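Following: one structure in structure tokens, then a few remarks.
Read the numbers this way: they start at 1 and go in the same order the structure lists the ligands and their atoms. Keep in mind that this is a model prediction, so the values were computed, not measured.
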Amino acid sequence: MHDGFASASDRAAYINGLPKAELHLHIEGSLEPELMFELAQRNGVTIPFASVEEVRAAYAFSNLQDFLDIYYQGMGVLHTEQDFHDLTAAYLARAHADAVRHVEIFFDPQGHTARGVAFGTVITGITRALDDAHARYGITSKLIMCFLRHLSEADAEATLDEALPYLGRIDGVGLDSSEVGHPPSKFTRVFTRARALGLKIVAHAGEEGPPAYVYEALDLLGVDRVDHGNRSLEDPALVARLATAGMTLTVCPLSNLKLCVVGDVADHPLKIMLDAGLRATVNSDDPSYFGGYVNANYLTVADALDLSKAELITLARNSFTGSFLDDAAKAKHLAAIAAYT
Ligand code: HPA
Ligand code: ZN
């Protein structure tokens with residue numbers, strides 16, 4: 001029982017202190033209802049909820065779009081540089097408490113510029129909090145700018161233009177929002193330009209969309225990582241290709257549960273992915289909306305799938321190996337995992 005652990009609570013304690021990286025985190029999805037109310041008040045914005053409890057009660061989703069509707073509404077309280085700083089600082093404090101040593105954070109600039117918030121306001125607030133957290137906790141970070149796939153490629157191109165003065169602080173570009181009907185092929189040109197600028201490339205693919213979207217992310221966008229990727233499992237040739245390439249999948253168990261990508265946590269495919277030789281990682285996606293930060297995600301799947309110590313170590317190692325850190329930094333973190341007992 002509990003291979004490598006005397007009990008489930010021993011395993012939980014082990015997870016809590018295990019050094020890890022988080023590679024799939026939308027900063028706007030870390031907006032807790034308490035901060036949403038505080039920012040609404042600070043900015044004189046009205047929100048259609050009377051209490052924190054009412055907000056939490058609204059977080060019942062039957063698919064990705066249900067969630068996205070409320071996610072875009074929630075981020076409407078973010079206006080000033082200080083707001084983006086406070087949002088990011090709150091996430092980093094939670095990450096630090098979960099023994100996260102490195103984060104690669106998504107942000108959705110189009111969710112803000114469309115409301116009249118300047119691109120510079122967003123990125124300056126976020127990066128100030130990243131710098132503070134590095135000084136305070138030693139957490140390192142990368143920043144990934146996502147394009148909203150329900151908008152046009154021209155809109156994404158304009159966003160990449162706006163990002164040009166800030167490329168010193170942006171490490172990669174990603175693709176998120178409503179997947180089905182908005183395949184990676186819609187964004188081939190803008191990702192080609194981003195790659196030529198030296199940016200890392202990731203894309204959400206195979207969360208709700210078919211395996212064909214994962215192939216497009218690989219072949220047309222040239223992704224360095226696949227975000228989610230769950231539906232790749234429907235195509236054995238794709239699984240073999242991802243495994244052979246050592247492609248990292250940023251898997252998000254509680255997100256999958258809340259958005260009904262899986263019906264029950266016991267049916268979560270994480271163990272199947274590991275057994276197939278896929279470089280799977282565990283991440284929180286939008287922790288405020290999905291009910292837990294990264295350790296809660298590890299704990300939930302560890303209990304449901306009875307993960308062994310060796311499997312947990314593999315997941316933590318994958319989070320650094322699949323990161324955009326340089327080889328020396330990766331080696332340092334892998335050594336810290338080896339030294340952890
Ligand atoms: N999928 C797609 N878009 C998103 C997500 C997600 O899980 N979270 C925030 N934007
Ligand atoms: Zn996501």
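The existence of a salt bridge linking E207 and R231 is excluded, since no basic side-chain nitrogen approaches an acidic carboxylate oxygen closer than 4.0 Å. Salt bridge E104/R225: present, at least one basic N to carboxylate O contact under 4.0 Å.
Protein N/O/S atoms found under 2.8 Å from the Zn ion (ligand 2): H24 NE2, H26 NE2, H204 NE2, D285 OD1.
Aromatic ring centres of F107 and H26 lie farther apart than the 6.0 Å criterion allows. The six-membered or imidazole ring of F147 lies away from that of F187, with a centre-to-centre distance of 6.0 Å or more. Between H79 and F84, the distance from one ring center to the other does not fall under 6.0 angstrom. Taking the ring centroids of Y59 and F290, they lie at or beyond the 6.0 Å cut-off.
A heavy-atom cutoff of 4.0 Å around ligand 1 is satisfied by the protein residues H26, L64, F67, L68, Y71, D176, S177, H204, E207, H228, D285, D286.
A cation-pi arrangement is absent between K258 and Y289, since the terminal nitrogen or guanidinium carbon is not both under 6.0 Å from the aromatic centre and inside a 45° cone about the axis.
Of the listed residues (I313, L315, T314), just one forms a side-chain contact (heavy atoms from CB on, under 4.5 Å) with R317, and that residue is I313.
Atom CD of Q82 sits in a crowded spot, with more than 12 heavy atoms from other residues, nucleotides or ligands closer than 6.0 Å.
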